[in-house]
There are 2 protein chains.
Amino acid sequence: MSEIDLLVRKLAARDVVPEDEQQALRAAATETVPYAAGEEVVREGERQTVSRLLVSGLIARVKLLDDGRRQITELHIPGDFVDLHSFLLKRLDHDVIAVTPARLVSYPHEGLRKITEQWPHLTRLLWLSTTLDGAGHREWIVSAGRRTAAEHVGHLFCEFLLRYEVVGLGDRRRCPLPLTQQQLADACGLTPVHVNRVLQELRHEGLLEWRAGELTVPDFDRLAQVSRFDPAFLNLIREPR
Amino acid sequence: MSEIDLLVRKLAARDVVPEDEQQALRAAATETVPYAAGEEVVREGERQTVSRLLVSGLIARVKLLDDGRRQITELHIPGDFVDLHSFLLKRLDHDVIAVTPARLVSYPHEGLRKITEQWPHLTRLLWLSTTLDGAGHREWIVSAGRRTAAEHVGHLFCEFLLRYEVVGLGDRRRCPLPLTQQQLADACGLTPVHVNRVLQELRHEGLLEWRAGELTVPDFDRLAQVSRFDPAFLNLIREPR
DNA sequence: GCCCGCATTTAACCCAAGTTAGCGCGATGC
DNA sequence: GCATCGCGCTAACTTGGGTTAAATGCGGGC
């Protein structure tokens with residue numbers, strides 16, 4: 001399996017990815033770097049010269065306040081560029097950390113710049129990928145601002161199921177979810193205690209199981225309904241970009 | 001004054017914008033469209049063929065839940081593209097509405113596509129502009145998830161002051177803020193009643209005044225400190241992109 | 001100069017989520 | 001085999017922000 005296959009699946013859910021553009025992408029990659037669980041991949045504010053594609057494991061974007069409060073702003077699954085935005089921003093406004101052991105493929109910014117000069121359609125696909133992040137961010141703002149804790153957790157789980165389905169590593173019934181309740185709390189802006197209460201509630205209603213890092217949802221549509229989940233923000237429409 | 005001057009100021013705060021790229025941008029614009037206060041500019045889910053640059057007024061991106069809850073996910077000031085991401089996404093996950101009377105310049109996607117084929121550096125600047133939106137979104141997630149109501153409101157005000165300063169329409173002491181308390185509540189994920197309580201508190205501490213659609217902050221640094229505001233997410237660094 | 005409608009303000013009461021503290025358990029290590 | 005440590009879970013109590021409702025202010029239209 002090539003290191004870009006999962007990314008191609010993700011992009012192919014939104015547009016055609018011609019073979020020559022896949023080649024150009026492959027040519028832009030340099031080494032694959034392994035990280036241990038808990039290890040820092042990118043530190044906030046440091047100048048970046050490469051962007052990184054996740055091929056295995058789970059990665060979080062984390063923002064820290066000076067007094068120790070922390071908020072996860074995005075969780076990345078294989079096939080996601082974890083910091084493609086650093087190609088433009090150069091310095092990130094957040095840390096990137098490995099939640100589980102993970103492998104990341106490096107794409108030097110110099111090679112990405114060349115792609116913008118020779119492959120306009122591929123450039124638009126990469127740009128699209130960062131705007132998908134943006135749509136995900138907006139959904140998280142709504143969850144944090146206007147959804148109840150149970151809706152928030154359920155919504156996040158629905159998002160995970162569909163995103164794993166797109167890259168072929170899960171489906172609407174089950175997907176990996178190798179998080180602690182503390183980390184889930186940091187993603188939802190809740191306390192671990194309350195996350196635990198909400199999980200009890202969702203479990204007792206038979207909406208989900210979550211054991212050994214795997215999420216199982218017997219009835220996706222029911223969970224989606226109680227969580228007010230609408231998949232439109234995932235932009236799963238194949239059309240020319 | 002050209003319709004792209006404010007955008008050029010915004011971009012020039014992050015990189016050099018050569019004259020020929022400015023010309024290419026000007027050439028891509030078609031008409032300027034006026035909107036009334038409260039008017040809908042973009043409806044969620046409808047296929048878009050143009051993106052729009054705000055030249056005057058205030059614009060909000062709004063996400064609605066089926067039961068009437070609403071969350072503003074971004075507020076746009078002159079010089080912002082309000083829906084450049086529609087160039088890639090084609091269908092937006094949110095509405096765009098005019099908060100005040102506003103004027104928007106249209107950039108057909110066809111012209112933007114040509115820019116991606118002939119002007120790689122300008123393409124990167126436009127891509128950068130959407131990643132700045134993303135950084136703003138992440139800051140809003142932190143505000144909604146981990147900041148107190150007072151910090152949240154203060155943080156948003158600091159963000160406004162600096163963004164207006166960048167385009168030369170305000171400074172750290174004062175800027176336009178033509179919102180109702182209800183709209184501010186929808187931006188912060190609070191109720192109007194609580195927004196009012198928080199504003200009383202901030203006013204009584206002499207941190208700000210807000211009357212007739214104008215915000216005045218006597219001591220920016222003090223407001224920034226109590227709000228835990230760090231301007232890094234605005235990426236105000238001039239370097240090659 | 002008087003209405004009307006909307007925005008702001010205040011007050012009383014309520015509840016979803018936070019705080020603090022402690023227990024049980026399984027994995028890890030020596 | 002035993003100590004340790006992180007994680008999940010529970011309980012008792014507190015609180016920040018929500019809810020509801022009712023005043024008050026105020027700008028624009030005629």
Side-chain angles (χ1 to χ4, degrees), chain A residues 36-39 58 60 65 67-72 97 99-101 142-156 177-204 208-215 226-228, chain B residues 36-38 58 60 65 67-72 99-101 142-156 177-204 208-215 226-228:
Chain A
E39 203 176 342
L58 189 69
L65 300 189
D67 60 359
R69 284 177 281 180
R70 64 169 51 213
Q71 174 74 44
I72 294 175
I97 63 159
V99 173
T100 64
V142 176
S143 285
R146 294 297 189 204
R147 282 192 252 258
T148 66
E151 287 169 350
H152 193 160
V153 170
H155 196 281
L156 182 61
L177 193 72
L179 287 175
T180 64
Q181 293 186 6
Q182 173 66 256
Q183 290 162 337
L184 180 58
D186 285 335
C188 294
L190 299 167
T191 57
V193 173
H194 198 59
V195 161
N196 187 274
R197 288 193 279 243
V198 164
L199 288 171
Q200 303 294 334
E201 181 192 325
L202 293 173
R203 280 197 277 243
H204 287 150
L208 56 90
E209 286 171 62
W210 179 27
R211 282 194 325 272
E214 192 178 67
L215 175 68
V226 310
S227 308
R228 263 84 174 183
Chain B
L58 188 69
L65 299 190
D67 60 0
R69 284 176 280 179
R70 64 169 51 212
Q71 174 73 46
I72 293 175
V99 173
T100 65
V142 176
S143 286
R146 293 300 190 201
R147 281 192 254 259
T148 66
E151 288 170 348
H152 193 160
V153 169
H155 196 281
L156 182 60
L177 193 73
L179 288 174
T180 65
Q181 294 186 6
Q182 172 68 256
Q183 290 163 337
L184 180 57
D186 285 334
C188 294
L190 299 168
T191 56
V193 173
H194 198 59
V195 161
N196 186 274
R197 289 193 277 242
V198 163
L199 288 171
Q200 304 293 332
E201 180 192 328
L202 293 173
R203 280 197 278 244
H204 287 151
L208 56 88
E209 287 172 61
W210 179 27
R211 283 197 322 274
E214 192 178 65
L215 174 68
V226 310
S227 308
R228 264 85 176 184

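These numbers were taken from a predicted model, which means no experiment stands behind them. So you know, we letter chains A, B, ... as the sequences are listed, proteins then strands, and number each from 1.
Salt bridge status for A:R211 with A:E209: present, with a side-chain N to carboxylate O gap under 4.0 Å.
Atom-to-atom, CD of B:Q183 to C1' of C:dC6 comes out at 12 Å; the value is rounded to the nearest Å. Atom-to-atom, CZ of A:R69 to C1' of C:dG18 comes out at 13 Å; the value is rounded to the nearest Å. The distance from atom CZ of B:R197 to atom P of D:dG16 is 11 Å, rounded to the nearest whole Å. Taking atom CG of B:D186 as the reference point, atom P of C:dA7 lies 12 Å away to the nearest angstrom. Across the protein-nucleic acid pair, A:L184 atom CG and D:dC9 atom P stand 12 Å apart, rounded to whole Å. Atom CD in B:Q182 sits about 12 Å away from atom P in D:dT19, given to the nearest Å. Across the protein-nucleic acid pair, A:R146 atom CZ and D:dG18 atom C1' stand 10 Å apart, rounded to whole Å. In this entry the distance linking CG of A:L190 with P of C:dC15 reads 20 Å, nearest Å.
A:L199 comes within 4.0 angstrom of no nucleic acid atom, judged by non-hydrogen atoms across all strands. Among the protein residues, A:R203 comes within range of the sugar-phosphate backbone only, with heavy atoms under 4.0 Å from sugar or phosphate atoms but none that close to a base. Nucleic acid contact class of B:T191 (heavy atoms, under 4.0 Å, all strands): base.
In terms of heavy atoms, B:P192 sits closest to B:Q182 at CG-NE2, 3.4 Å. The minimum heavy-atom distance between B:V195 and B:Q181, with the atom names listed, is CG1-O, 4.0 Å.
Of the possible polar contacts, none joining the A:R69 side chain to the B:V142 backbone as a donor-acceptor pair under 3.5 Å is found.
For the OP1/OP2 pair of D:dC9 and a distance below 4.0 Å, the side-chain nitrogens and oxygens of A:Q181 include at least one atom meeting the criterion. Between B:Q200 and C:dT9 there is a side-chain N or O to OP1 or OP2 distance below 4.0 Å. For D:dG8, the OP1/OP2 oxygens have no side-chain nitrogen or oxygen of A:N196 closer than 4.0 Å.
Each of A:V193 and A:A150 lies near DNA chain C, and the nucleotide nearest A:A150 is the one positioned closer to the 5' end. In terms of position on DNA chain D, the residue among A:G145 and A:L179 whose nearest nucleotide sits closer to the 5' end is A:L179.
Here the straight-line distance linking atom CH2 of A:W210 with atom CG of A:L179 works out to 5.5 Å at 0.5 Å rounding.
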